[in-house]
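Working notes for the structure below.
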Number of protein chains: 2
Amino acid sequence: MTPTEILTLYHLRKTPTRLSILEYLQISHLPQSENEIHKKMQDSYDRITFYRTIQTLMEAGIIHRIVADNTTVRYALNHYNSQLDEQNHDHVHFYCTKCGKVECMEEVVVQPYHLPDGYKIEECNVVVKGLCRQCIIKDHDR
Amino acid sequence: MTPTEILTLYHLRKTPTRLSILEYLQISHLPQSENEIHKKMQDSYDRITFYRTIQTLMEAGIIHRIVADNTTVRYALNHYNSQLDEQNHDHVHFYCTKCGKVECMEEVVVQPYHLPDGYKIEECNVVVKGLCRQCIIKDHDR
DNA sequence: TTTGTATATGAAACAATGTTGCAAATGTAA
DNA sequence: TTACATTTGCAACATTGTTTCATATACAAA
Ligand SMILES: [Mn+2]
Ligand SMILES: [Mn+2]
Ligand SMILES: [Zn+2]
Ligand SMILES: [Zn+2]
């Protein structure tokens, strides 16, 4: 689905900033930070606009925010797999402590948790920290 | 264990800032932010010192950082329960989206995850978002 | 195609959070 | 009491996120 089609589907105006952020997230293999997105766009928009666009796209359910760390925030497109209707089967995120890479582990499903009576669960975020393949290989080499 | 005893145990110097941060975290029922801790201390130290103290205490394994949100960071003492030697049985954190409260759910243990070959897991952070007891009650009342 | 208007953007100004380098202060072991 | 490694405070800076308000624009209706 193209960025234009996505925005049409969600009844959102097709503004240049929204279209190019969506396009960039589609091309990107990994979740991207505000900084990375802004650099790629060559300052074609104000940072304020980015944050508002992100909020709009998140509220619509088109993208999601990954908070890997107190200083590491990334954004990625939502990929709806078949079991979307069933339960909110969210996926796990991986954060490499060596190279800082963040990955959406679409195939690793978040385990449901049971909290004491009186709590209402809305969402569950799981960040697994460790070393990615490349960083383990580099570690071996030296 | 008193703050003094803790610092002695971990071979760390007993400086006023470390002692008072530890004391405050011990008194506090819930995880605290830099802002909250600093307010309570009545500006008795520089913010820089706070961050360095936090890093020292985290590296020693005396406290842990909870990142509930891209704008919500709190700190809490580590409570070692009996099964500490076994495996790194970390606990789940709860974040109330209404009142912003963060809780250490010591009794809710983090489920282990299995990642594809080549990844090395070091740690796993789980943040469950939702409504806390008080906020659900308030919701009912109105 | 033109126009009206709700919506989105940009600018300025601000707040919060986190980091680095360096000189001065201090906790602790001898 | 002293020596010195460690810790702190200051200045200066970087990054991230928010609010207000005037201007620009996407798009539906004429
Ligand atoms: Mn993801
Ligand atoms: Mn905790
Ligand atoms: Zn890596
Ligand atoms: Zn609450």
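In what follows, every chain begins at residue 1, and chains take the letters A, B, ... in the order their sequences are listed.
- A:Glu23 places none of its side-chain heavy atoms less than 4.5 Å from the side chain of A:Leu25.
- Atom NE2 of B:His93 is separated from atom CG of A:Asn125 by 13.5 Å, given to the nearest 0.5 angstrom.
- Distance, B:Ile21 CD1 to D:dT8 C1': 12 Å, rounded to whole Å.
- Inter-residue side-chain proximity for B:Pro116 and A:Glu107 is flagged as met; some heavy-atom pair is nearer than 4.5 Å.
- Within 6.0 Å of atom NZ in B:Lys40, 12 or fewer heavy atoms from other residues, nucleotides or ligands are found, so the atom counts as exposed in its surroundings.
- Side-chain N or O atoms of A:His91 include none that pairs as donor or acceptor with a backbone N or O of A:Met105 at under 3.5 Å.
- Rounded to a whole Å, the CG atom of B:Leu57 is 11 Å from the P atom of D:dT7.
- For A:Glu123 (side chain) and A:Ile121 (main-chain N/O), no donor-acceptor pair under 3.5 Å exists by modelled atom type.
- Nucleotide C:dT20 holds its P atom 9 Å from the CD atom of B:Gln55, rounded to whole Å.
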Polar-atom pairs under 3.5 Å, protein N or O versus N or O of nucleotides 28-30 of chain D: list them with distances, or write none.
none

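- Distance A:Leu19 CG to C:dA8 P: 13 Å, rounded to the nearest Å.
- At least one donor-acceptor pair under 3.5 Å links the side chain of B:Arg133 to the backbone N or O of A:Asp117.
- One atom, CG of A:Asn70, and another, C1' of D:dA14, lie 15 Å apart when rounded to the nearest Å.
- B:Tyr51 has its OH atom 15 Å from the P atom of D:dT8, to the nearest Å.
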Can you pull every protein N or O that's under 3.5 Å from an N or O on nucleotides 10-14 of chain C?
unit_1: C:dG10; atom_1: OP2; unit_2: A:Asp46; atom_2: N; d: 3.3
unit_1: C:dG10; atom_1: OP2; unit_2: A:Thr49; atom_2: OG1; d: 2.5
unit_1: C:dG10; atom_1: N7; unit_2: A:Arg52; atom_2: NH2; d: 2.7
unit_1: C:dG10; atom_1: O6; unit_2: A:Arg52; atom_2: NH1; d: 3.2
unit_1: C:dG10; atom_1: O6; unit_2: A:Arg52; atom_2: NH2; d: 2.9

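- A distance-only check finds no donor-acceptor pair linking the side chain of B:Glu103 to the backbone of B:Cys96 [under 3.5 Å].
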For nucleotides 28-30 of chain C, print each protein N/O atom paired with a nucleotide N/O atom at under 3.5 Å, atom names and distance only.
unit_1: C:dT28; atom_1: OP1; unit_2: B:Lys14; atom_2: N; d: 2.8

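- In this structure the side chain of A:Val92 never reaches within 4.5 angstrom of the side chain of B:Cys124, judged on heavy atoms.
- When each of B:Arg18 and A:Pro16 is assigned the nucleotide of DNA chain D with its nearest heavy atom, B:Arg18 is the one assigned upstream, toward the 5' end.
- The shortest side-chain heavy-atom distance between A:Tyr113 and A:Tyr119 does not fall under the 4.5 Å cut-off.
- Between the side chain of B:Asn78 and the backbone N or O of B:Gly61, at least one donor-acceptor pair lies under 3.5 Å.
- If you take CZ of B:Phe50 and P of C:dA16, they are 15 Å apart, rounded to a whole angstrom.
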